[in-house]
Amino acid sequence: MFSDIRNENIYKNLVNGQWIETNTKKLIDIKSPIDQSLVGSIQAMSKEEVDAAIQNASEAQLSWRNVPLNERADILYKAADILDKKAEEIANIMVREVAKDKKSAVSEVTRTADYIRFTADAAKSMEGESIPSDPFPGFNRSKISVVTREPLGVILAISPFNYPVNLSASKIAPAVVAGNSVVLKPATQGSISALYLAKAFQQAGLPAGVLNTVTGRGSEIGDYAVTHDHVDFINFTGSTEVGKHISQITAMKPLLMELGGKDAAIVLEDADLDLTVKNIIAGAYSYSGQRCTAVKRILVMESVADELISKLKTKIEALKVGNPLEQDQVDVVPLIDTKAADFVEELMREAEEKGAKLIIGGNREGNLIYPTLYDEVTIDMRLAWEEPFGPVLPIIRISDRDAAIKIANASEYGLQSSVFTKDINAAFYIASKLEVGTVQVNNKTERGPDHFPFLGVKSSGIGTQGIRYSIEAMSRPKAIVINLAD
Ligand code: NAP
Ligand code: G3H
């Protein structure tokens, strides 16, 4: 049923309800990070073709915005059901395309189906409001503001490689249910998985042009797309570097951005260390740490540091490392590309040169970086501040809570933090002072459940995601004021 999205191994783009090939005939080969085998080829669209896709989305939105909400929601329910049915097929592509292990890939697709259903439910339960004038001084009851929500127009959704289905759908579903049309520009490595998602929406009955896809290198078509006159809103997830660049070159375009992070796990003297270790291991090493919300540094009280490290080491030794094609559940897989692995290695070597103590790991085979833990990391090391996006975890020992808060807040990032303690007062003291979007008490840093607000402060983002928050971000209030006769 999904066969029309490709011609042999060449994947097409969805534009105006048709799966088309680029006129330029320029292709990008997508090779698996696991073994460099060819997963498929995607189209490198020209700027003219990107322009046509955006124009088409703009025209389609004019009628889509008038489709009743219950009909828009029904299409989302159908898309969710299709994804559930296609979970295995899409996951098999994702395993090869982004080297995600099969269990996590299936879970990404089914989580996406749940996300889409919840989005339809949330949109149907959102209501407008009417605001009387008399609470404001000097006004009697002569005015009522009837406030409804309006779509914004064309949403440019730009997604990263690490959740090619989920972080595309978490932009598309809230956007279209609010009456917008979407142009999806997926990460090049991740495009094929994202095109399967687009097919699910099309098959569910999304009208022509309401979702268009554009593939090609961000470095070639990105600037053109983000500055296009008919793009009304940019919903971007990716690196802080690209996010900052987009915010610099776009003017008067509203942005929703989820960017990088350096999430700290703060471990106090009274923490339940077994619970702490379980969470840090899952938080830091799953999918090789290629998650914005991965635990990316540990700030631990000196008095419990040795015991924590010993327990962490035991659990790291038990992690499954290797090829996700050979086993369904692997914690540490090859990184997305050689450049990513080179960067992680650079951070490790610099830390070692400056005196970090290697507890375990530190080695590499091709793009596979073995799970690595460093003790005695100090604030003059890049590893203390930079986001490796790899399975490497630095430990910084601290003397008291305020030192932990100070180091945590000295980061340019502010996505999430964890605090591990049995003392609720200590947890609240620290949580209230951390400059992040979310603080997790006695849990790993993580985005879900997906209806919670999810946001980064400082260089970690602009605006708030989360199902209702995303619908609100991609719509605006419209006030109609009824002026009553006195
Ligand atoms: P990336 O390199 O920034 O790419 C993200 C997306 O931007 C891709 O689709 C990319 O296309 C596109 N792009 C590149 N240059 C562009 C330009 N000039 N204009 C418009 N789009 C452009 O990020 P990534 O490597 O895919 O993902 C890893 C990063 O994302 C990490 O820093 C991670 O922390 C962050 N992330 C954050 C969150 C969050 O919610 N906070 C979630 C996931 C990931 P190409 O692939 O074609 O270059
Ligand atoms: O990579 C960024 C994702 O938004 C993280 O989501 O916490 O569910 O892995 P997650």
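One-based numbering, in listed order, for ligands and for the atoms of each.
Of the options Gly260, Gly238, Cys292, the smallest heavy-atom separation from atom 35 (C) of ligand 1 is shown by Gly238.
At a heavy-atom distance under 4.0 Å, only side-chain atoms of Val242, from C-beta outward, approach ligand 1. The proximity of Ile158 to ligand 1, defined as any non-hydrogen pair under 4.0 Å, is limited to the side chain. Neither the backbone nor the side chain of Tyr163 has a heavy atom within less than 4.0 Å of ligand 1. Neither the backbone nor the side chain of Ala225 comes within contact range of ligand 1; no heavy atom lies under 4.0 Å. Under 4.0 Å from ligand 1, the heavy atoms of Asn162 that appear belong solely to its side chain. Counting heavy atoms closer than 4.0 Å to ligand 1, residue Arg291 contributes nothing at all.
Taking every non-hydrogen atom of Lys185 and a distance limit under 4.0 Å, the qualifying atoms of ligand 1 come out as 9 (O), 11 (O), 45 (P), 47 (O). The Thr188 neighbourhood of ligand 1 comprises atoms 45 (P), 46 (O), 47 (O), with distances under 4.0 Å to a heavy atom of that residue.
Applying the ring pair (Phe, Tyr, Trp, His ring centres under 6.0 Å) rule to His228 yields the partners Tyr224, His230; only residues at least two apart in sequence or on another chain are considered. Contacts of Glu435 classified as side-chain hydrogen bond (donor to acceptor under 3.5 Å, both in side chains), with partners at least two apart in sequence or in another chain: Lys458.
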Can you produce the list of protein nitrogen or oxygen atoms under 3.5 Å from a nitrogen or oxygen of ligand 2, alongside each distance?
{"from": "ligand 2", "atom 1": "1 (O)", "to": "Asn162", "atom 2": "ND2", "distance (Å)": "2.8"}
{"from": "ligand 2", "atom 1": "1 (O)", "to": "Cys292", "atom 2": "N", "distance (Å)": "2.7"}
{"from": "ligand 2", "atom 1": "4 (O)", "to": "Arg447", "atom 2": "NE", "distance (Å)": "2.8"}
{"from": "ligand 2", "atom 1": "6 (O)", "to": "Arg447", "atom 2": "NE", "distance (Å)": "3.0"}
{"from": "ligand 2", "atom 1": "6 (O)", "to": "Arg447", "atom 2": "NH2", "distance (Å)": "3.4"}
{"from": "ligand 2", "atom 1": "7 (O)", "to": "Arg291", "atom 2": "NH2", "distance (Å)": "3.2"}
{"from": "ligand 2", "atom 1": "7 (O)", "to": "Thr293", "atom 2": "OG1", "distance (Å)": "2.6"}
{"from": "ligand 2", "atom 1": "7 (O)", "to": "Arg447", "atom 2": "N", "distance (Å)": "2.8"}
{"from": "ligand 2", "atom 1": "8 (O)", "to": "Arg111", "atom 2": "NH1", "distance (Å)": "2.8"}
{"from": "ligand 2", "atom 1": "8 (O)", "to": "Arg111", "atom 2": "NH2", "distance (Å)": "3.1"}
{"from": "ligand 2", "atom 1": "9 (O)", "to": "Tyr163", "atom 2": "OH", "distance (Å)": "2.4"}
{"from": "ligand 2", "atom 1": "9 (O)", "to": "Arg291", "atom 2": "NE", "distance (Å)": "2.6"}
{"from": "ligand 2", "atom 1": "9 (O)", "to": "Arg291", "atom 2": "NH2", "distance (Å)": "3.2"}

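Asn367 and Thr338 share a donor-acceptor pair across their side chains, judged by distance under 3.5 Å alone. A donor-acceptor pair shorter than 3.5 Å can be found between the side chains of Lys102 and Asn92.
Leu335 and Ala341 make their closest contact through CD1-CA, 3.8 Å (heavy atoms, listed as atom of the first residue, atom of the second, distance).
At distances below 3.5 Å, at least one donor-acceptor pair connects side-chain atoms of Glu387 with backbone N or O atoms of Gly261. Between the side chain of Ser460 and the main chain of Gly260, a donor-acceptor pair closer than 3.5 Å is present. Thr372 places a side-chain N or O within 3.5 Å of a backbone atom of Gly362 that can act as its donor or acceptor partner. Judged by distance alone, the side chain of Asn180 and the main-chain N or O of Met474 form a donor-acceptor pair under 3.5 Å.
Residue contacts with ligand 1: Ala340 is excluded, as none of its non-hydrogen atoms falls under 4.0 Å. In this structure, Phe236 counts as a contact residue of ligand 1, since one of its heavy atoms falls inside 4.0 Å of the ligand. Proximity of Gly456 to ligand 1 is not established, as no heavy-atom distance is less than 4.0 Å. Heavy-atom separations between Gly461 and ligand 1 are all 4.0 Å or longer.
Between Ala187 and ligand 1, an N or O atom pair is found at a separation short of 3.5 Å.
For atom 20 (C) of ligand 1, the closest heavy atom belonging to the protein is Gly222 CA, 3.5 Å.
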Using a 3.5 Å cut-off and no angle test, enumerate the donor-acceptor pairs between side-chain atoms of residues 181-188 and protein atoms at least two apart in sequence or in another chain.
{"from": "Ser181", "atom 1": "OG", "to": "Ala57", "atom 2": "O", "distance (Å)": "2.8"}
{"from": "Lys185", "atom 1": "NZ", "to": "Gly216", "atom 2": "O", "distance (Å)": "3.1"}
{"from": "Thr188", "atom 1": "OG1", "to": "Gly216", "atom 2": "O", "distance (Å)": "3.4"}

